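Everything numeric here is computed off the predicted structure, so don't read it as measured data. Sequence lines set the chain letters: A, B, ... in the order given, protein chains first and strands last, and positions in each chain run from 1.
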Number of protein chains: 2
Amino acid sequence: MAGSPENVRADGHSQMTDAVPRGTGVTLWRQIAERLEADIAAGRWQPGERLPVEAELASAFGVNRHTLRRALAALAEAGLIEATAGRGTFVKAPPLRYPIGPRTRFSEIVTAGGRWPFGRFLEARVEPADAEVARELDIPQGTDVLRIESIHEADGVPISCGIAWFAAARCPDLDLIYAATGSLTRALATLGIEDFRRRETRITARPANAREMEQLSIAAGRSVIVLERVDVEPNGRPLQWGRSSFAADRVQLVFKP
Amino acid sequence: MAGSPENVRADGHSQMTDAVPRGTGVTLWRQIAERLEADIAAGRWQPGERLPVEAELASAFGVNRHTLRRALAALAEAGLIEATAGRGTFVKAPPLRYPIGPRTRFSEIVTAGGRWPFGRFLEARVEPADAEVARELDIPQGTDVLRIESIHEADGVPISCGIAWFAAARCPDLDLIYAATGSLTRALATLGIEDFRRRETRITARPANAREMEQLSIAAGRSVIVLERVDVEPNGRPLQWGRSSFAADRVQLVFKP
DNA sequence: GAACATTTGTCCGTATGTATC
DNA sequence: CGATACATACGGACAAATGTT
């Protein structure tokens, strides 16, 4: 593979070795972007690593800095890198692939990605169901529901935060068990509820609000994916309804029919 | 139904008729928010309509303007209304439910929602497949692919914009037929390709970029849902791969396993 | 472009009820 | 019981954005 300049600093005479060919019908910036993308995909630069400064990269590719910046802009647009004035340009961590199907559980998703899952319990309380919760759980308005607020992390990095509601009668002390184990899946299993499946997943997105910025450690203006879900038991009765906000920069939700 | 003030202007003496009860154990702002939400749900105020100004609503409910603003903030958080300084507070249109399954087609989705679908063709050209397109379509890099850029609208409101790639050999003149009919589904049918299904849908989100702001008529800082998809023919060969940006304020993607 | 009215957004401060230690 | 912290509610003033003249 035609790697990008790996000897920018070491060998001043090699500036032209990686120069991009001109007159090929492909613009210079596109060629550069594709080379850098291939390098990142190949692991030439690791996530979190800082790229050489723009001037060095530009001279290594034999182009003007503006041309190089056009290539970096394309990569930033694609979400592969992130530039900060005064700090440098960094390779972003690839988003966590988050498969969603009838029976996916958070802990399995994260474990499959080679990361360590953790559900950080924030708050639980019993409250009467408002109109929305009652509709989604198919219970009379005002019935007691258990409301659990939590944050999900992978390797200590917050992935999502949100609120889930359970019919309180069906899940006695679920909150206590969850708080102890850190896994909702296991807490439900303790109650003998293992066989539930996703009935519907609804998705939208919006800029993060103040709470999400804090809980997910994301910058102002970044997006969250808002995911609403209904899980049902084998008999078709809704078990939980919830709404979670995902740090959009860190996950890619994957649906396979 | 205990409606919210409908005679704010008409009858100056009715200020207290809709006043919220105090000392009930439910905060004033929550009572107000629930009343307004019920009114919007009941169609008392139509999508796009402007609510009375804050001062009027406050006096109608018999509370301070700050208390009313707390209620409006809750509704805005829930996505029911949107306020702009100097203009007023408006009821937002409910998002278009956009079901995604193995065989959903854009035209069917929008028609089912009682709206009129339209794919506005922007540009088509044949180009050699780059690394990403080649991988997704499972063809050798450099093979000719047809790249189609388009915008999808419902009732004249832009819903999504994006780019789709087809193996050029499989779809001769697809671009011309699409440009003529405005429906990709029909254009493919003309070529005898009717039976394809979604193999995978990947989703993330980010703030809209300049192009999306223009093509989708959305404000700076708003979010887009970025949806990548692979459609395959019955024999399993990829037919199209594409990446679309949805105006997150206008759609809710719905997945049913 | 300037002046103006309208409307939302933000800040100051104060008082009160409620839950907690 | 008091001390304390917090959310709720109110009052006033001004800034910022928008639309109109």
Output the rounded distance in Å from [atom1] ([X]) to [atom2] ([N]).
X: B:Ile81; N: C:dT8; atom1: CD1; atom2: C1'; value: 11 Å
X: B:Leu68; N: D:dC10; atom1: CG; atom2: P; value: 10 Å
X: B:Glu54; N: C:dT10; atom1: CD; atom2: C1'; value: 12 Å
X: B:Leu75; N: C:dT8; atom1: CG; atom2: P; value: 14 Å
X: B:Glu56; N: C:dT6; atom1: CD; atom2: P; value: 12 Å

With B:Pro47 via side chain to side chain contact (heavy atoms under 4.5 Å, CB included) - residues at least two apart:
B:Ala93, B:Pro94

In terms of relative ring orientation, are A:Phe255 and B:Phe255 parallel, tilted or perpendicular, with 30° and 60° separating the classes?
parallel

Taking only side-chain nitrogens and oxygens of B:Thr89, does any of them come within less than 4.0 Å of OP1 or OP2 of C:dT8?
yes

Reading nucleotides 11-21 of chain C from the 5' end, what letters show protein touch, with B for base, S for backbone sugar-phosphate only, - for no heavy atom under 4.0 Å?
B----------

Going 5' to 3' through nucleotides 14-21 of chain D, assign each nucleotide B (protein heavy atom under 4.0 Å from a base atom), S (under 4.0 Å only from sugar-phosphate atoms) or - (no protein heavy atom that close).
---BSS--

Measure from the side chain of B:Asn64, starting at C-beta and using heavy atoms only, and say which of D:dA9, C:dT8, D:dC10 lies closest.
D:dC10

Taking D:dA9, C:dT8, D:dC10 as options, the one with an atom nearest any side-chain atom of B:Val53 is C:dT8

Using 4.0 Å as the upper bound for N to carboxylate O, is an ion pair formed by A:Asp249 and B:Arg206?
no

Got a salt bridge between A:Arg202 and A:Glu136, using NZ or NE/NH1/NH2 to carboxylate O under 4.0 Å?
yes

Which atom of B:Leu216 lies closest to which atom of B:Phe246, heavy atoms considered
CD1-C, 4.2 Å

If you round to the nearest 0.5 Å, how far is CZ of A:Arg50 from OG1 of A:Thr89?
8.0 Å

Does A:Arg170 count as lying over the ring of A:Phe166, i.e. NZ or CZ under 6.0 Å from the six-ring centre, within 45 degrees of the axis?
no

Strictly by modelled atom types, are A:Glu212 and A:Ser245 linked by a side-chain donor-acceptor pair under 3.5 Å?
yes

